[in-house]
Amino acid sequence: MENKNCLLEIRDLNKSFGDKQVVHNMSMCFSPASFTCIVGKSGCGKTTFLKMLAGLELMDSGTINLNANHHKIGMVFQEPRLMPWLTVSENITFASKNDTTLSKDKLPEILEALELTDAANLYPHQLSGGMAQRVSLGRTLFFNPDIILMDEPFSAVDYFTRQSLQRTLLKLFSQEQKTIIFVTHDVEEALVLGDEVLVMDKGTIKSAIKVDLPRPREASNSELQLLRQQILHAL
Amino acid sequence: MQKLKNGLLFPLLILLSWYLISQAGIFSPYLLPSPSIVWSSFQELLADGVLMTHLLVSLKRVFFGFAISMLCAIPLGILCGQSKIFHSYCWPTLEFIRHIPPLAAIPLIILWTGIGEASKLTIIFLASFFPLFLNTYSGIKNCDPKLLEVGKNFNFTQSELNKYIRIPAAIEQIAVGLQLSLGFSWRALIGAELIAASAGIGYLILDAQELSRPDIVIVGMISIGIVGSIIDYLFLHVLNLALPWRRKAVISDGK
């Protein structure tokens, strides 16, 4: 039976690679305009889970139900994955190649929001890691999905760039009100960003921790530190 | 500038050694004419227009042979790289033909196409086809799956994935194939002009051999090298204009 509060509902999701079960009987519900972070150790099935949601990996069994009026899922990958032959602007508007309903009028707004206006005509090899990842985020925003899946998108950038990207993401989240599912192995990042942190281990969700704290959050906040201990304990 | 200086060092050394050896009279001028004899022959051939006439004939052959090769090799490489079924049908045959040197096919080529232009174009085509085909195939086949996932995430169809990701991603490797193929066309030219030609730089060399004029043979060889290098330089220049992201990469690498 479909849950009306769910934008995305997952039931009994399973996936194996050979003998290894990577995702095991996962069931959950993602509400509209929610920011959910999934933390877990390497190899716990986080990326496979996201890829199944994005339709990039086939599931063995289970169901993924999307609310009928919200059917677009966009993904921001761990690496920027920009097309080297396209400029920043062309990369951002890449989704319009097959979807003519996407208007390029949105481009200046996205460039400005991501502080990329001056870099609009540069090619990917001319960008820093942080800029490239912002272009990747801009490309997904231009696609205008209802749900944004993010697979450790800030893991390859330095501390200061990561802080800046996190601020940009939170600003966009409050403006756009998208549903975000953010996978990370950094517990503090999950707590600073998410409304809820799901702890994943051995292909299943071990615990779900609500983070009812106002944003922006400081990693040094004592309540956040308590939640951090709780997550580390669950892991 | 430093690169140019470095690049000129060996040719100058060779020229100096050549001059010293010919001055010492170690070899007969019929075996090794001196640089000054070769230079005067070059000036003569240039002044009476003979060299340019033969070069233009050869360039025309290379151009048409290369163009036919491009028209066949690029689409075939794309099809083989995209479609496993097409690949399974074509690959064994192409792999077999690839190992036969075009020169080994000369008797049959003459038998089938005669001694006119067609036989020469066929040899240039056979020599230049495979470098271009294999590079195109490899460029398409080895497209980064991570880039394809981006397209899949945007619900691209297979033909959109090909059009917007696989082919653009393969362009640099196709360009490498074009460059190699152009070089191979030029190298195959002499083989092609061995076939009862009455004009062309290969004919000029063979004719000079029969007239015991090694100076003209050397003029012909040097002309091929110079024209080949100029074509390659121009090709890279055009390529950098056509592929701006490549040009900028080269600029930033050089910094």
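Protein chains get the first letters and strands the later ones, always in sequence-line order, with residue 1 at the start of each.
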Would you find more than 12 non-hydrogen atoms of other residues, nucleotides or ligands less than 6.0 Å from B:Trp91 atom CH2? yes
Inter-residue atom distance A:Gln78.CD - B:Lys146.NZ, 0.5 Å rounding: 7.5 Å
Which atom names give the shortest non-hydrogen contact between B:Glu149 and A:Leu56, and what distance separates them? O-CD2, 3.7 Å
Side chain proximity check, A:Thr87 to B:Pro244, heavy atoms < 4.5 angstrom: no
Between A:Arg81 (side chain) and B:Leu147 (backbone), is there a donor-acceptor pair under 3.5 Å? no
Considering residues, nucleotides and ligands other than A:Glu112, do more than 12 of their heavy atoms fall under 6.0 Å from its CD? no
If I measure from the heavy atoms of chain A, does B:Ile165 come under 4.5 Å with its side chain, its backbone, both, or neither? both
So, taking the atom named CG in B:Leu243 and the one named CH2 in A:Trp85, what distance separates them when rounded to the nearest 0.5 Å? 12.0 Å
Enclosure of B:Phe235 CZ (heavy-atom neighbours >12, cutoff 6.0 Å): yes
So does A:Asp118 have more than 12 non-hydrogen atoms from other groups sitting under 6.0 Å from CG? no
Tell me whether B:Glu160 is salt-bridged to A:Lys97, with the criterion being a basic N under 4.0 Å from an acidic carboxylate O. no
Under a 3.5 Å distance rule, please check whether B:Asn153 uses its side chain to pair with a backbone N or O of A:Met75 as donor and acceptor. yes
Is the number of heavy atoms from other residues, nucleotides or ligands under 6.0 Å of B:Phe86 CZ greater than 12? yes
For A:Arg162, does the CZ atom have more than 12 heavy-atom neighbours from other residues, nucleotides or ligands under 6.0 Å away? yes
For the student: nearest non-hydrogen atoms of B:Trp245 and A:Tyr123, plus distance: CB-CD2, 3.4 Å
Evaluate whether atom CZ of A:Phe17 has more than 12 neighbouring non-hydrogen atoms of other residues, nucleotides or ligands under 6.0 angstrom away. yes
So with a 6.0 Å cut-off around CD1 of B:Ile85, is the heavy-atom count from everything else above 12? no
So what's closer than 4.5 Å to chain B heavy atoms on A:Phe77: side chain, backbone, both or neither? side chain
Should the ring pair B:Phe154 and A:Phe143 be called parallel, tilted or perpendicular, given that the plane angle runs from 0 to 90° and is split at 30 and 60? tilted
Is chain A contacted by the side chain of B:Asn155, its backbone, both, or neither, given a heavy-atom distance below 4.5 Å? both
Identify which part of A:Leu86 has an atom lying under 4.5 Å from any heavy atom of chain B, answering side chain, backbone, both or neither. neither
